[in-house]
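Computed from a prediction, not measured in an experiment: that's the story for all the values here. Order of listing sets the numbers, starting from 1, for every ligand and every atom in it.
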Amino acid sequence: MATATEKLPGDDGFLDTFTVGDDRNAITTTDFGTRVNDLRSLKAGKRGPTLLEDFVLRTKITRFDHERIPERVVHARGAAAHGCFTSYDNWSELTAASFLSEKDKETPIFVRFSTVGGSRGSPDTVRDVHGFALRFYTDEGNLDIVGNNIPVFFIQDAMQFPDLIHAVKAEPDREIPQGATAHDTAYDFFAQNPSSLHTLFWAMSGHGIPRSYRHIDGFGVHTFRMVNANGKSKLVKFHWKSCQGRASFVWPEAQVLSGQNIDFHRQDLWESIEKKFYPEYELCVQIMEEEDMEEGMKKYGVDLLDPTKLVPEDKVELKRLGKLVLNRNPKNFFAETEQVMFCVGHVVRGIDFTEDPLLQGRLFSYVDTQLNRNMGSPNFEQIPINRPRCSPVHNNNRDGAMQQLIHTNNYAYTVNSLNHGRPKPADDSPKGNGFFTAPDRKIRCAHYTREISCTFLDYWTQPRLFYNSLCPAEKQMVLDAFRFELSKVESLDVRKSFIVQLNKVDNRLAKLVAKAINVPAPKEDPEYYHDKTALGLSILKEPLKSIAGLRVGILASVTNSSSIEQANILVTELANRRAVGLVVAESVKDRDENVRDGVDATYGASDAVLFDGIIVVDGAGKIFDPSKRSPLYPPQRPLKILEDAYFYGKPVGAIGEGKVAYSYTRLPGRMTPNDQDGVFYADKVEKALLDKFEGGLKKFKYAKRFPMDDPEPS
Ligand code: HDD
């Protein structure tokens, strides 16, 4: 940990002025500062009733009763971190935004990751779209990019947002299921609103069940504008590219994790930062011309105002503008993560909106939701995590509940003469210093209407583009996901309607799902089908860029001291490669600094889902014998960990006698050491084995091991 004087990049010390620590001289006081010398309640006699007079008791209980604020109506479950954004260059040609105005310029950042549907205490590894909301505390005000890990959204009109959320959240009568779309109302909505298909396909693939927040990309989703100081604007799509690479669980793993450790993602983020495996993401933009607003259909086949479509990376390349590094955990979850109020309308000079109707609706909703979460107080921007870090806030907004500032300008109206017109407006020309709307932005002359543009109405081409771009194992994941989700839908009519939509994307997929849910197999609908693919959509086709912070379970036995010693040597070797080795044995043993004898976890409390790879060390092979019992863990647990890891597609390895473990597995033939299949073996801990294992961790999933349906279903 950095000391108070050593500041990490992006740490401007601003929040430190609000922190309260109870040092050794701290004495208990009431909220109004009176010291309290006895923390028992005031009573009429030792056994008597408590007295209404007791202000200490009353305030303590009142304060406790009021500790909660409403959870977010969506994205309630999440975790956050502080960091630093560094610009790669001077991007003034593109934008007047000050945080991009110089090479190496640093800007403090706060990011909150989340799931959408579950409540605040729901498990991290449910299948869902994941929020990627980010605030730049720039020297010209706060900029929030409130995005997701999926580049498209379910709907095209903000009017539909409450309907979408009512449908995907738990059923209203029983509040089941928690954080899952596998139920009737969700699929009724999806079937009746095919604009949702594209995002749904992403969510049913590995993108819906990521390995961690470090292993997702982020997207601004809408088209925005960047405007330079000459007033010239470009259309942009924001992307955050994970420098770790993208990785996902398989569904059975995610389900087990929801029970094993509901805080898995939150913990991964926290521990990675504590261990200095700082998560990194590059800010990239796809840049398009202002004319493409009208020409988008011709040039890219999509209307750039439609948030259910992406612009393929092979059509418009990504330009890398800078890097974000997350290097500090919050000090207080409530004060920072819970009270951060992101608003799509937090923009700075050089950034501007587009006419996307969904974006326009969001501009209203976020401020409104913050009012609700702050019990109606408009002063939520004054909470420390929300305050801008640039010059003090000057305007004529006044009063309201919980006002924190003492305004001394008595002339809070515009235009005033008594205070010389102060505060004065900023120079609103592009060359000036204030926010300006892109001067080349035009509103087309049009009739009032509630109709949807015909350029928004193709709901099937891009889901198919996404599906075509996946590798076979990922297509199987999508199939399994739809089979799982729809089998939970009770209404036959909803299941039938959804199959009609699925069939417009892919006939084989629709037929296989239909069969599992008692719906007649649909006939091909060739007018919708095409063979196009796009880059960057598949997770499994790309290896990870780094193994930093990945967890390797080292299976050992305390009955053999050399086994534990070898396991601890591996811990050191893996640490040199920035991975985390965790020694698993029959019982826990604390680490002695001078002896390599630590054990981190017991077999009784371990599971394959907690590790990204497994290595069985010398001297532990025999405990995998299914006929052997131990009073220290459930029967056959070590064998189950090894086999499950294999079935989940993880790299597995063995050293020396540890190889015996494989002979006890249910698939001994397939688990014979073979580098291609991700089963590695060596006589001792050696570089060649570690290199191969690192390669295995980067590959992350050996997808050939996953069971597949027949290519041509009957
Ligand atoms: Fe939203 C929260 C992302 C459409 C209304 N949204 C919220 C968060 C994220 C997103 C990441 C959590 C922020 C945090 O961590 O505090 N939302 C999106 C994306 C959308 C989107 C990427 C489409 C492109 N949202 C959307 C619409 C509406 C909202 C169309 C309403 C018309 N969103 C909200 C909200 C939330 C919110 C109700 C709940 C909590 C909050 O705002 O602060 O206002």
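Residue Q370 places a heavy atom less than 4.0 Å from ligand 1. Residue contact check for ligand 1: P307 places no non-hydrogen atom closer than 4.0 Å to it.
Considering backbone and side-chain N/O of R72, one or more are found under 3.5 Å from N/O of ligand 1.
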Worked verdict on R320 versus E282 for salt bridge (Lys or Arg N to Asp or Glu O under 4.0 Å):
CA-CA 7 Å; R320 291 165 198 273; E282 278 185 311; 2.5 Å; yes

From CA spacing to verdict: salt bridge (Lys or Arg N to Asp or Glu O under 4.0 Å), R441, E355
CA-CA 10 Å; R441 211 174 143 181; E355 295 67 65; 2.9 Å; yes

Salt bridge (Lys or Arg N to Asp or Glu O under 4.0 Å) between R77 and D263, worked out
CA-CA 10 Å; R77 172 75 184 173; D263 305 307; 2.8 Å; yes

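In summary, the atoms of ligand 1 found under 4.0 Å from a heavy atom of G147, numbered by their order in the structure, are 11 (C), 22 (C). Near G131, meaning under 4.0 Å from one of its heavy atoms, ligand 1 places the atoms 11 (C). Proximity to V73 (heavy-atom distance under 4.0 Å) selects the following atoms of ligand 1: 38 (C). Distances below 4.0 Å separate heavy atoms of F342 from the following atoms of ligand 1: 13 (C), 14 (C), 15 (O), 16 (O). Residue H222 approaches ligand 1 through these ligand atoms, each under 4.0 Å from one of its heavy atoms: 24 (C).
Nearest non-hydrogen protein atom to atom 14 (C) of ligand 1 is R112 NH1, 3.2 Å. Ranking protein heavy atoms by distance to atom 22 (C) of ligand 1, first place goes to N148 ND2, 3.2 Å. Atom 10 (C) of ligand 1 has as its closest protein heavy atom H75 NE2, 3.3 Å. In terms of protein heavy atoms, atom 35 (C) of ligand 1 is closest to S365 OG, 3.9 Å. Summary of contacts: the protein heavy atom closest to atom 30 (C) of ligand 1 is L358 CD1, 3.4 Å. For atom 21 (C) of ligand 1, the nearest non-hydrogen atom of the protein is R362 NE, 3.2 Å.
At a 4.0 Å heavy-atom cut-off, ligand 1 touches V146 through backbone and side chain alike. Heavy atoms of T369 found under 4.0 angstrom from ligand 1 belong exclusively to the side chain.
Checked against the 6.0 Å centroid criterion, the rings of Y459 and Y528 do not qualify as a close aromatic pair.
Ring planes of H207 and W202: tilted class, angle from 30 to 60°. Between F99 and F85, the ring planes lie perpendicular to each other; the angle is over 60°, past the 30° to 60° tilted range. Aromatic ring orientation, F132 versus F113: perpendicular (interplanar angle above 60°, classes split at 30° and 60°). A tilted orientation is assigned to the rings of F110 and H82, their planes being inclined by 30° to 60°.
For the side chain to side chain contact (heavy atoms under 4.5 Å, CB included) with L100, the lone residue among T95, I351, T107 that qualifies is T95.
Closest to atom 27 (C) of ligand 1 by heavy atom, among F161, F110, F132, is F161. Remark: among candidates F153, F113, Y366, the nearest residue to atom 17 (N) of ligand 1 is Y366, based on non-hydrogen atoms.
K331 has no carboxylate O lying under 4.0 Å from a charged side-chain N of E336, or vice versa, which leaves the two without a salt bridge.
R389 forms a cation-pi arrangement with Y137, by the criterion of a distance under 6.0 Å to the ring centre and an angle within 45° of the ring axis.
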